[in-house]
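Letters go in sequence order (proteins before strands), and every chain restarts at 1.
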2 protein chains.
Amino acid sequence: MNAAHHHDAPKLSRNQSEILSCLRNSGEPLSAYAILDRVRKSGISHPPTVYRALNDLMKKGMVHRLESRSAFVACGHGACDGKFAFAICRACDKVVEILLADKDQALLLGLAPDEISPEQVTVEIAGLCNDCHPSRLA
Amino acid sequence: MNAAHHHDAPKLSRNQSEILSCLRNSGEPLSAYAILDRVRKSGISHPPTVYRALNDLMKKGMVHRLESRSAFVACGHGACDGKFAFAICRACDKVVEILLADKDQALLLGLAPDEISPEQVTVEIAGLCNDCHPSRLA
DNA sequence: ATGACCGATGATATAACATAACATCAGTAT
DNA sequence: ATACTGATGTTATGTTATATCATCGGTCAT
């Protein structure tokens with residue numbers, strides 16, 4: 001059910017693969033410099049290399065940037081061409097990617113005033129996950 | 001019509017006033033350092049002073065941060081306790097603040113997965129304003 | 001009044017995030 | 001072989017943000 005996700009893996013460069021793996025393995029959002037630390041052993045050693053790969057991966061829809069965190073996450077859907085929201089636990093940084101239904105996308109785009117024709121929507125929801133919820137603490 | 005906007009001006013410190021005026025006069029989003037440049041003449045000369053005032057003003061709902069720009073804008077409503085979206089022209093940086101209807105707020109909060117209880121929603125819509133639209137250019 | 005305390009502001013220093021600009025290299029078309 | 005092109009490596013620097021400690025002004029118990 002749900003076609004559209006059979007990663008044809010749009011052939012990545014070595015750097016892009018390294019960095020995507022890094023993000024996937026981490027399972028949580030990482031800053032560009034956190035990524036850099038983790039891929040040094042693979043021979044990547046300068047910030048621009050990381051940012052270039054991240055930008056390429058974002059163009060391919062395989063990585064998203066969490067604006068409110070200056071951090072990056074691998075797309076949970078392998079790749080998606082774009083309309084999604086994120087929920088982020090402010091305590092533990094857990095991230096849930098929310099694929100937006102067509103009607104939700106439409107509503108969001110509809111929020112734009114006449115004056116500005118919308119191209120891209122960023123939605124980030126901050127809150128507390130169940131594990132971090134106060135009522136759950138000892 | 002529409003109560004709730006008769007600014008009782010929740011007494012601001014000198015720094016907060018300076019920085020809020022600066023943002024209001026600018027009419028466009030400014031980075032913290034752009035603000036700093038403009039308030040040096042008023043005796044504010046260090047980044048932490050600016051960030052402190054901005055954080056205080058944000059707590060009061062009188063300033064918002066545009067996450068996708070690392071920039072700050074004065075609240076167009078004087079102050080609001082929080083649910084709004086922004087539309088931003090990617091070419092000229094014009095910003096339109098969109099006060100969200102209750103149903104839109106509800107919808108956005110409803111996007112959050114069970115796993116994360118939402119507290120705050122960031123919505124930023126990037127696009128092109130009429131003035132910057134290609135079809136309008138010579 | 002004095003001085004102990006406390007919150008706000010000032011100042012220094014540095015951390016964290018991001019990119020401009022140029023060098024080098026691999027592939028390929030001539 | 002040479003010249004072009006696009007990707008990657010490298011240096012340097014620009015931009016955004018905060019930790020930390022110092023200082024100042026008010027309040028309050030004595």
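Not counting sequence neighbours, B/N15 has no partner by the side chain to side chain donor-acceptor pair (under 3.5 Å) test. Looking at residues two or more places apart in sequence or on another chain, you find no side chain to side chain donor-acceptor pair (under 3.5 Å) involving A/N55. Scanning for side chain to side chain donor-acceptor pair (under 3.5 Å) contacts around B/E119 gives A/R90, with sequence neighbours left out. The side chain to side chain contact (heavy atoms under 4.5 Å, CB included) search around A/E124 returns A/L66, A/E67, A/S68, A/I88, A/T122, B/T122, not counting sequence neighbours. Judged as a side chain to side chain contact (heavy atoms under 4.5 Å, CB included), and not counting sequence neighbours, the contacts of B/S21 are B/N25.
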Please report, to 0.1 Å, the donor-acceptor pairs under 3.5 Å made by any side chain of residues 26-33 of chain A, with sequence neighbours excluded.
residue	atom	partner	partner atom	Å
A/S26	OG	A/E28	N	2.9
A/S26	OG	A/E28	O	2.7
A/S31	OG	A/Y33	N	3.4
A/S31	OG	A/A34	N	3.0

Could you pull out every donor-acceptor pair under 3.5 Å between side chains of residues 110-117 of chain B and any protein atom, sequence neighbours left out?
residue	atom	partner	partner atom	Å
B/S117	OG	A/L128	O	3.2

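Nearest approach of A/F86 to A/I98, heavy atoms of both residues: C-CD1, 4.3 Å. In plain terms, the two heavy atoms of A/A74 and A/E97 that are nearest each other are O-OE1, 4.0 Å. Of all non-hydrogen atoms in A/I44 and A/L36, the two that sit nearest each other are O-CD1, 3.8 Å.
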Restricting to nitrogen or oxygen on both sides, can you table the protein-nucleotides 23-28 of chain C pairs closer than 3.5 Å?
none

Mind listing the N/O atom pairs, protein and nucleotides 7-10 of chain C, below 3.5 Å?
residue	atom	partner	partner atom	Å
C/dT9	OP1	B/S13	OG	3.3
C/dG10	OP2	B/N15	ND2	2.9
C/dG10	N7	B/R52	NH2	2.4
C/dG10	O6	B/R52	NH1	3.4

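Nearer the 5' end of DNA chain D, as judged by each residue's closest nucleotide, is the contact made by A/P48, out of B/N55 and A/P48.
Close to C/dA18, at under 4.0 Å from its OP1 or OP2, lies a side-chain N or O of A/R65.
Reading DNA chain D from its 5' end, the first and the last nucleotide to sit under 4.0 Å from a heavy atom of chain A are D/dT8 to D/dT11.
Among residues at least two apart or in separate chains, side-chain hydrogen bond (donor to acceptor under 3.5 Å, both in side chains) pairs with a member in residues 35-48 of chain A are A/E18-A/S42.
Looking at heavy atoms from C-beta onward, B/Q16 lies out of side-chain contact with B/M62 at the 4.5 angstrom threshold. In this structure, the side chains of B/D56 and B/L12 stay at 4.5 Å or more apart for every pair of heavy atoms.
Rounded to a whole Å, the CG atom of A/D37 is 13 Å from the C1' atom of C/dC17. To the nearest angstrom, C1' of C/dA11 lies 13 Å from CZ of B/R40. Separating the CD atom of B/E67 from the P atom of C/dA18 is a distance of 12 Å, rounded to the nearest angstrom.
Residues from residues 28-35 of chain A that place a heavy atom under 4.0 Å from any atom of DNA chain D: there are none.
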